[in-house]
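First the structure, in the form of structure tokens, and then the observations on it.
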Amino acid sequence: MDYKKIIAELLNKEIDLDLETIEKLIEIPPKPELGDYAFPCFQLAKTFRKAPNMIAEELIVKLNKDGFEKIINVGPYVNFFVDKSVFTKNAIKKILKEGDEYGSSNIGEGKTICVEYSSPNIAKPFHVGHLFTTAIGNSLYKLFKKEGYEVQGLNHLGDWGTQFGKLISAYKRWGNEEALEENAINELLRIYVKFHEEAEKNEALEDEARAYFKALEDRDEEATALWKRFRDLSLKEFERIYDIFNVKFDSYAGEAFYNDKMDEVVRELKDKGLLVESNGAQVVMLDEYNMPPCIVLKADGASIYATRDLAAAIYRKKTYNFYKSIYVVGLPQSLHFKQVFKVLELAGHEWAKDCIHVGFGTVKSATGKMSTRKGEMILLDELINEAIEKSLEVINEKNPKLENKEEVAKKIGIGSILFTYLKNSREKDIIFDWKEILSFDGETGPYVQYSYARANSILDRAGEIKGEADYSKLTSKEEFELVKTLESFENQIHLATEKLEPSVITRYAIQVAKDFNKFYNSHSVLNLEDEELKIARINLVKSTCQVIKNALALLGIEVVEKM
Ligand code: ARG
């Protein structure tokens, strides 16, 4: 039931504004005393040549009140009170009928969205910041799918650059085969650090590394085989993390993939007269736009990070013909993306406006910046293990007899991490604080999961239902507030994709849990004489479970039936 549409159609018969404009003007009043929807009449004052409150007064007489309990005016607003029993019945029936599909829409039909996320660097640790982009991107992916878009999840691996020359040189000098097999990233990090230490004493090393990178660029067999090995082994490690969080990609085309696609970009920029020389490098000047020049070719003729991004953007447009192309990358790279998008625009690609950088803040622990002493790889594993362990502790305390505790702890622990990442607007920094993350009564993953399990246990006890519900008996404030929240799910999804903010859904999940707990704390569900009311309440609980499950799924979090 889209009440905004219904109200817009009603008003449209009486006033000279189109449906879309009216729909946009309709507000949700801040207090229930002001109804469920309100239409402000300010905009009509000119055409009607009357004061807004007089217009509102006249409108309420003319409007057809079917499906509404009442329509009144409060000052310059027309306030709509929907017929609660009709609303409740429609909402619950829709949720139960659509099940896992509830919340879906088809506004994205026929359009493709590229979402690039995660994009870690080969031979480097996957750090807590990479988990941030992974969590956001994974959620945006699911949100767009829910709106009917075709979505491409892209992992733009950092698998090219001069550092690979250093790695090859270091590996040939100090590499340890066994250590590489056992923990590739640790070993590659070790020799990379060693390379820099040694290079300070021995200048020839840098030349050697340059030569290896050149060999790599020239597709030398040995260099390529080593590069591929480093890449495969690193990817295996990343995939271990993706498996833990159940994250998938449609493509792992990383920076190296664009090697043979950059000449064309450079030629295009040259032909369009955009390239100029600056200290030997080829750059696109952007001072007119208050930005430093975008370097396309270094003085030695080598391409760089930005060149690969230009090639990647063009490739994505050609390959996917995207409607939007999204880059989930930390805020420190804002300028880089502004430059890249500007260069694309200057080169005449009108679709540059459809490229969007979705930035996010940094991650800190409650005691200061996350320590990197032991290497951030360990830190990420530590984070995961600690979340699971601590969840297990809580379960042991709350429900020691629970079956498959380990599995439940894993879902709660992983969920609590994702929830923490996605709880606030993405541009805010995150402060990891275990007490808060795993608390069962704060605005946390475990709180929402616990509410789900609590609701689910009511359904378990209810057993099979026979008979019909009478939704007109769900008359309390708590019931109606919960129903309204459940009904607004699809709207919340649209809001989340419009703002590119998974936190809209995280907040929403918290709201559903809060509304449910308020309802359940003041109304009994199973202990009722009135069978019609009982079934109506059971169905309300069932709907709540379904919506929490669907909302958490959009964040990449799985529910647990019992905890
Ligand atoms: N690999 C980079 C890093 O870890 C992020 C890549 C971002 N994506 C892009 N298209 N430039 O910092």
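Just follow the structure's listing: the first ligand is 1, and inside any ligand the first atom is 1.
- Near ligand 1, E116, S119, N121, H130, H156, Y305, D309, Y327, V329, Q333, F337 each place a heavy atom less than 4.0 angstrom from the ligand.
- Contacts of E255 classified as side-chain hydrogen bond (donor to acceptor under 3.5 Å, both in side chains), with partners at least two apart in sequence or in another chain: R308.
- Taking 4.0 Å as the cut-off between side-chain N and carboxylate O, E222 and K172 count as a salt-bridged pair.
- Residues E198 and K194 meet the side-chain proximity criterion, which asks for heavy atoms closer than 4.5 Å.
- Comment: D218 engages K214 in a salt bridge, judged by a side-chain N to carboxylate O separation of less than 4.0 angstrom.
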Full working for ring pair (Phe, Tyr, Trp, His ring centres under 6.0 Å) between Y447 and Y450: CA-CA 5 Å; Y447 167 69; Y450 180 63; 8.1 Å; no
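- Seen from the ring of F322, K317 counts as a face-on cation partner, given the 6.0 Å and 45° thresholds.
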